[in-house]
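Notes to accompany the following structure.
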Amino acid sequence: MIVSVASGKGGTGKTLVATSLALSLSDNYKVQLLDCDVEEPNANILLHLALNQSQPVYIPIPRVDEAKCTYCGKCAEVCAYNAIAVVKGKVLIFPELCHGCGACSYLCPESAITEEGREVGIVERGGSGNLELIQGKLNVGEAMAPPVIREVKKYINPANIIIIDVPPGTSCPVIEAVKESDFCLLVTEPTPFGLNDLVLAVEVARELDIPCGVVINRDGVGDDKADRYCQEQGIPVLLKIPLDRRIASLYSKGIPLVEGMPRWSEQFLRLFQDIKDIIAASRVTK
Ligand code: SF4
Ligand code: SF4
């Protein structure tokens with residue numbers, strides 16, 4: 001089972017929820033936590049696992065054999081990302097813009113394009129007991145998050161429970177991380193910003209046809225508009241984590257909620273049971 005933990009907005013407590021859910025479940029199940037927030041993976045700030053395996057992630061970028069090239073311009077025409085240009089008898093390649101889609105090499109009529117790897121990030125792995133952490137890390141200044149996320153997801157073992165810590169926002173990296181999930185847990189906070197981004201995140205989940213539910217973090221800080229929105233939209237609010245100085249203090253010290261306040265473990269196990277029930281019900285109605 002794959003459960004994505006997402007939020008339209010950064011800083012809502014998504015990683016707090018993902019790590020506490022993973023730790024609670026790992027008492028009884030084999031769990032893989034995938035940190036796909038590759039621009040700023042921070043699950044391990046809470047988990048403190050030794051990440052003893054690491055491998056680079058490459059994307060294939062074109063290299064032109066000038067001896068074969070006729071400067072016909074077809075490669076520049078097919079590139080949807082403006083990563084290749086043909087000017088005055090020269091082919092220019094802009095590696096930072098290249099998505100490694102392979103269209104230019106496939107369509108070059110002279111077979112003048114080969115591909116070479118460009119490193120865009122790394123995948124690191126480690127674990128303890130029933131819990132394995134796989135985290136992607138994008139190189140500084142790099143914009144190509146989806147290839148790193150795809151590489152992280154290659155380590156999914158379907159026999160395990162998979163928790164995915166999704167990047168914030170609603171753009172391509174989010175889609176890449178969330179797609180193929182069985183459930184999307186949306187973490188929000190009861191503020192106007194939180195609600196605005198929750199609405200966008202719900203649209204993403206619906207577009208991908210993934211059942212979703214909401215966790216309201218810092219409950220009590222704002223108003224009840226997120227609650228009312230969920231009620232109107234028929235989206236279950238599965239857990240509320242109160243605005244509590246002790247919880248904030250644990251987080252600031254890098255201590256997972258369920259370790260600092262073990263009674264929360266029961267709430268996360270109940271949350272997981274609710275998620276399983278919703279997934280089962282959604283499969284019946286499909
Ligand atoms: S498509 Fe091939 S032959 Fe044409 S300009 Fe590009 S590299 Fe050269
Ligand atoms: S591999 Fe794709 S993105 Fe990169 S230059 Fe070629 S067509 Fe453009």
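Counting starts at 1 for both ligands and their atoms, following the listed order.
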Handout entry: Winner among R118, H99, E77 once heavy atoms are compared against atom 3 (S) of ligand 2
Key = H99

Exercise for the section: For residues F268 and S24, report the shortest heavy-atom separation together with the two atoms involved. Expected result: CB-OG, 3.5 Å

Fill in the blank from the handout: min-distance protein heavy atom vs atom 1 (S) of ligand 2 -> G102 N, 3.3 Å

Handout entry: Check against salt bridge (charged side-chain N to carboxylate O under 4.0 Å, His left out), E110 and K68
Key = CA-CA 6 Å; E110 310 301 330; K68 290 183 179 172; over 6 Å; no

Problem - For K240, all residues meeting salt bridge (charged side-chain N to carboxylate O under 4.0 Å, His left out), sequence neighbours excluded - result: D227

Practice task
Measure across V152 and C36 and return the closest heavy-atom pair with its distance rounded to 0.1 Å.
Solution key: CG1-SG, 4.0 Å

Handout entry: Candidate with minimal heavy-atom separation from atom 7 (S) of ligand 2, of A85, C101, P62, A80
Key = C101

Handout entry: Identity and distance of the protein heavy atom lying nearest atom 4 (Fe) of ligand 2
Key = C98 SG, 2.3 Å

Handout entry: Considering all heavy atoms, the nearest P95-R118 contact
Key = O-NH2, 3.2 Å

Practice task
Measure the distance from atom 8 (Fe) of ligand 2 to every protein heavy atom, then report the residue, atom name and distance (to 0.1 Å) of the closest one.
Solution key: C79 SG, 2.3 Å

Exercise for the section: Give the total of protein N/O/S atoms at a distance below 2.8 Å from atom 6 (Fe) of ligand 1. Expected result: 1

Problem - Ligand-side contact atoms (ligand 2) for residue partner Y81, heavy atom cut-off under 4.0 Å - result: 3 (S)

Practice task
Say whether, by atom type as modelled, one donor and one acceptor occur between the side chain of D35 and the main chain of D37 under 3.5 angstrom.
Solution key: yes

Practice task
Using atom types as modelled and distance alone, determine if a side-chain donor or acceptor of Q32 lies under 3.5 Å from a backbone N or O of Y155.
Solution key: yes

Exercise for the section: Applying salt bridge (charged side-chain N to carboxylate O under 4.0 Å, His left out), name anything that partners K179, two or more places apart in sequence or on another chain. Expected result: E176

Problem - Any residue meeting salt bridge (charged side-chain N to carboxylate O under 4.0 Å, His left out) with D274, in chain and number order, not counting sequence neighbours - result: none

